[in-house]
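Here the structure is laid out as structure tokens; the discussion comes afterwards.
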Amino acid sequence: MAYLFQPDYVRYVCSCGSLKPISKMYFCRHCLKIRCGYCVCHEADSHYCPNCMENLPSAEVRLKKNKCSNCFDCPCCFQTLCTRAGQAPLRPPASSADAKQDVKATPKKVYYLSCSLCRWTSRDAGIPDQYVATGGWPEQENPNSTRISTLIDFHKVLASKEKQEQQRKKFPTKRTFLQYEKFGLTSAMVRKRAGKPLEPKSLIQHSDQPAPAVANEEVDDLPAGIFTEAVDITKITTLEQRLQHPDVQAEKINELRPQHKQFLVKRSQRCRGCEHNVSKPEYSPQSIKFKIQLAAFYHVPEIRIVTCEPLRVGVASELLLKICNPTQHQTQISLLPLDTPTTPTTVTASGEEQELKRENIQMGSESPNLLPLAVRQISVTEDPKPITVVSGAEIALPECPLFLPPRDDAAEYDETNDASHFQDDKKVVVWRKGNKIVVRLHVTPFANEQNKGEPVIVGFVLRHGYVNTLATLEHKAPQKSELNVQLFLTLGNLVGTA
Amino acid sequence: MLRYEGIRYISDKQMVVLDIGSAYTKFGYAGEATPRGIIRTEVKCPESKEIRRIFNYIDIDDLYQLLVEFLHLLFFRHVAISPKDVRIVVLESLLTPTQFRETLAKVLFRHFEVGSLMLLPTHLATISTLGTDTVLVLDVGYQEATLIPVYEGVPILKAWQALPLAACAVHECIKKDLTDSIPNLRIPEKTVEDIKVRTCFVTTLERSAKLGTDDAPSPPPAVKYPGLKTIEIPGYVRERAFEVLWERDNDNLSISTMILDAIVKCPVDTRRQLAENILLIGGTTMAKGFASRLKSELNTLLKSDLYSDKLKIQTFKFHKAPSKPNYTAWLGGAIFGIADLPARCLTKENYLKSNRVPDWVCLLDNQKDDTSNCGI
Ligand SMILES: [Zn+2]
Ligand SMILES: [Zn+2]
Ligand SMILES: [Zn+2]
Ligand SMILES: [Zn+2]
């Protein structure tokens, strides 16, 4: 179980080598493997404004530069700005005739932007009030956009020339166009070229070429008053404030302008082994529900630490663990030493045990959220992360398998004790109710000079039966398999030696 | 930004342009005039919750994890795009260590499964912002100042210069001066940076020569800096902050000698043109008075014994890119990247086959048809 403000005491080892609490893991029902945020493929599903919850199709998001057209952030403290209504200041009547009319006219409503956190307002910045509540705020344009557009167009022309050139290069012709070859020449070549007349120049002269920038001998001098004038630091922007608006980077507070709020993305997660979704949220930004959510705590037994006696080097301490079966099927659990191989196994129709591989995993029919076959590519593999945790204690594990009944929500309220249905070793299983048991184990910490002061960690392999129900829709018998997952428990610090 | 620009490129596949600097990362899309944002190149470690700079990595495995964490946030929070199969342009400094480049490519291809990667050398990409092809590009960022002259579109690699004279050194100076004047002051680098940006400037050469002498000019006014405890930043701290970039006491190396030394190493008939086409990029060059101090330093040095017989240059001229210097390199990438040249991209397929990133010098060497240019 994970706690919001506590360290993770029970960590499962993901297929990629990450150690995470079970609440942060997925279980791919197609590969029968644990996955986590690190080893799934994240995809941006939809963009939405976190303030007004508007969501737009991705083409429009691109056009709007991923920003909401209605909502603004405060340029000072980056909180969302509110639109406030106020009265337009009454103009002094120009003549007595106008004055009579004005008495009857209701004052016009105007709107301005205001930050409720730092009290910045669009009026402070000298931005005129608006007569409509949304939109209409003046936009600041990059003063250089025309020039940059010209440069971009020019580079497109150069690129298409180079492409043509490469096409032509397939036939043995003499290369003439060199301007775009900006890379990789050495000074030897420069010298050669410097001595030559500027003949390649003529080749690149064409109508699209923008006027080259002109360098100037004059540079910006220090402001005249800098050595004498006092500085009021509250009127100077911070670097953070400047960087919110990269093309302006205003130095004075009153030059700051409200910034359009950035859209956030809703993400879906795809298993990188089989390209099935392990998590897909509903499209609407208001919804917190998921269309697909293959969280590991629906499929893999959960282990919690109940109690652990104070730990002393060389002394066996009692450790009580609660194990819970979240699935709809009875399962058999074994706790095995950490070095047990974690390859999953299955029992074939003839009754023999064999390794579970991609080929013999029973798959349902192609699910609709799978990418079409033509789009699927060779899977890119990332090396698994090495596990750096070291076990600091010897753990005595029960030899007998443990049986856990399926989850039954109704049984939660059943007061009868059903422990008698199972022939449990009372020394191991100390408590049983519904789909949960508490087991007693013993840990004996090693004397470890290196990890002095660090909490003691023990590890073991949890083997659990898993019933693959994906194929049952096609009236096949569900496939039973045995899955193994490594776990590390953080038990606490040593209290001293015996 | 002009309205039609968005419409024009809407049909194209998007190309993400990243300039991962040692202090700040600039990100956005190719074909746009402004980066979508500028953020610190750092992540909050998910376990220890401390803020870590990417470039302070311990080893390659550590760097890999830091980059995964950083780029995940960058793609989904800031750029807001699914990185899978996206085309990426990354600006890289001349001094980027090979292991950084290799690890970045591995993270992009193996973890994020990007479609293709184009690595552009910062100094070369930058000249796309000017529309000329002879520029001496000086980049003063956080960790170091680097310089490469580009003549008619060709980098003169043997003239390159690099010195650790950049923001980091300036911060050290301010920190030292402040702790000397206010005992027991503990001040995080982020605050030092803020003090630098809001109060410090590059003083003139004339005043600089007199600093610390009996004849010293009266310092600029002190500034009250608010915080948990308001501190007073003495005027001399404000004025002296950037002096480290120009000091030439021991080895005669400063920002200004970098330019002159580079020009000396260039062929004689390129020198005048390079001196008259200087472009300053990087956040540190935005300090008030930087360019004017550089100009007077250069003119004074030119008359000194060190350079007077070596260089016959009359004037220095400076370019202004259509951008703020701290994202000019990014803009270069955004303009160059739009060209979409498959030959310059490393595709996912090719990367997965070879598992390595060709160095940009060899990458482009290989596809050239004349062989007269080896021996870098
Ligand atoms: Zn994982
Ligand atoms: Zn909105
Ligand atoms: Zn505010
Ligand atoms: Zn899968």
I want to check something: taking the side chain as every heavy atom from C-beta on, are A/Val265 and A/Ser46 in contact at a cut-off of under 4.5 Å?
no
State, without any angle test, whether B/His319 and B/Asn277 hold a side-chain donor-acceptor pair at a distance under 3.5 Å.
yes
Let me know if B/Tyr327 has heavy atoms under 4.5 Å from chain A in its side chain, its backbone, both or neither.
side chain
Testing the 3.5 Å rule here: is there a donor-acceptor pair between the side chains of A/Asp73 and A/Gln244?
no
So which part of B/Thr199 gets closer than 4.5 Å to some heavy atom of chain A, the side chain, the backbone, both or neither?
side chain
Are the charged groups of B/Lys190 and B/Asp194 less than 4.0 angstrom apart, N to O?
no
Which portion of B/Lys288 sits near chain A, non-hydrogen atoms under 4.5 angstrom
both
Cationic N near anionic O, under 4.0 Å, A/Arg270 to A/Glu43
yes
Does one side chain, of B/Thr203 or B/Glu239, offer a donor that lies under 3.5 Å from an acceptor on the other?
yes
In the structure I gave you, are the side-chain heavy atoms of B/Arg110 and B/Leu352 within less than 4.5 Å of one another anywhere?
yes
Let's test your reading of the structure: which of A/Glu229, A/His47, A/Arg267 forms the most heavy-atom pairs below 4.5 Å with chain B?
A/Arg267
Residue from A/His245, A/Arg147, A/Lys67 scoring the most non-hydrogen pairs under 4.5 Å with chain B is A/Arg147
Whatever's closer than 4.5 Å to a heavy atom in chain A on B/Asp61 counts as neither
Check each atom of A/Lys385 against the heavy atoms of chain B and say whether the ones under 4.5 Å are side chain, backbone, both or neither.
side chain
Ignoring hydrogens and angles, state whether a donor on the side chain of B/Tyr225 or B/Glu232 is under 3.5 Å from an acceptor on the partner side chain.
no
Taking ring-ring contact (aromatic ring centres under 6.0 Å, His included) as the test, write out the residues that go with A/Tyr48, two or more places apart.
none
Are A/His260 and A/Glu139 linked by a side-chain donor-acceptor pair shorter than 3.5 Å?
yes
Under 4.5 Å to a heavy atom of chain A? For B/Glu69 that would be neither
Side chain, backbone, both or neither of B/Pro217 within contact of chain A (heavy atoms, under 4.5 Å):
neither
Of the backbone (N, CA, C, O) and the side chain (C-beta and beyond), which part of B/Val135 lies under 4.5 Å from a heavy atom of chain A, both, or neither?
neither
Heaviest contributor of heavy-atom pairs below 4.5 Å to chain B, chosen from A/Ala213, A/Ser160, A/Ala230, is A/Ala213
Salt bridge or not for A/Lys266 and A/Asp45, using N-O below 4.0 Å?
no
So for A/Ser58, is it side chain, backbone, both, or neither that comes closer than 4.5 Å to the heavy atoms of chain B?
neither
Which bit of B/Arg207 is near chain A, if near means a heavy-atom gap under 4.5 Å: side chain, backbone, both or neither?
side chain
Heavy-atom distances under 4.5 Å only: say whether B/Val202 touches chain A with side chain, backbone, both or neither.
backbone
For B/Phe76, is it the side chain, the backbone, both, or neither that has a heavy atom closer than 4.5 Å to a heavy atom of chain A?
both
Who among B/Ala80, B/Pro35, B/Gly28 has the most heavy-atom pairs with chain A under 4.5 Å?
B/Ala80
Which atoms of B/Ile233 approach chain A - backbone, side chain, both or neither, heavy atom under 4.5 Å
neither
Will you find, in the side chains of A/Lys64 and A/Ser69, an N or O donor that is under 3.5 Å from an N or O acceptor?
yes
Heavy-atom distances under 4.5 Å only: say whether B/Lys196 touches chain A with side chain, backbone, both or neither.
neither
Would you mind checking which part of B/Arg293 comes under 4.5 Å of any heavy atom in chain A, side chain (CB onward), backbone (N, CA, C, O), both or neither?
neither
Between B/Phe201, B/Tyr29, B/Tyr64, who has the most heavy-atom pairs with chain A when the cutoff is under 4.5 Å?
B/Phe201
Does A/Leu243 reach the side chain of A/Leu239, with side-chain heavy atoms less than 4.5 Å apart?
yes
Highest number of heavy-atom pairs under 4.5 Å with chain B: which of A/Leu264, A/Thr238, A/Val231?
A/Thr238
Exercise answer: donor-acceptor pairs, residues 215-226 of chain A side-chain atoms, under 3.5 Å, sequence neighbours excluded:
| from | atom 1 | to | atom 2 | distance (Å) |
| --- | --- | --- | --- | --- |
| A/Asn216 | OD1 | A/Glu218 | N | 3.0 |

Under 4.5 Å, counting heavy-atom pairs only, tell me which of A/Val248, A/Thr234, A/Val61, A/Asp232 racks up the most with chain B.
A/Val248
Honestly, the part of B/Val197 sitting under 4.5 Å from a heavy atom of chain A is both
At a heavy-atom distance under 4.5 Å, which candidate from B/Phe290, B/Phe75, B/Tyr24, B/Phe112 has the highest pair count against chain A?
B/Tyr24
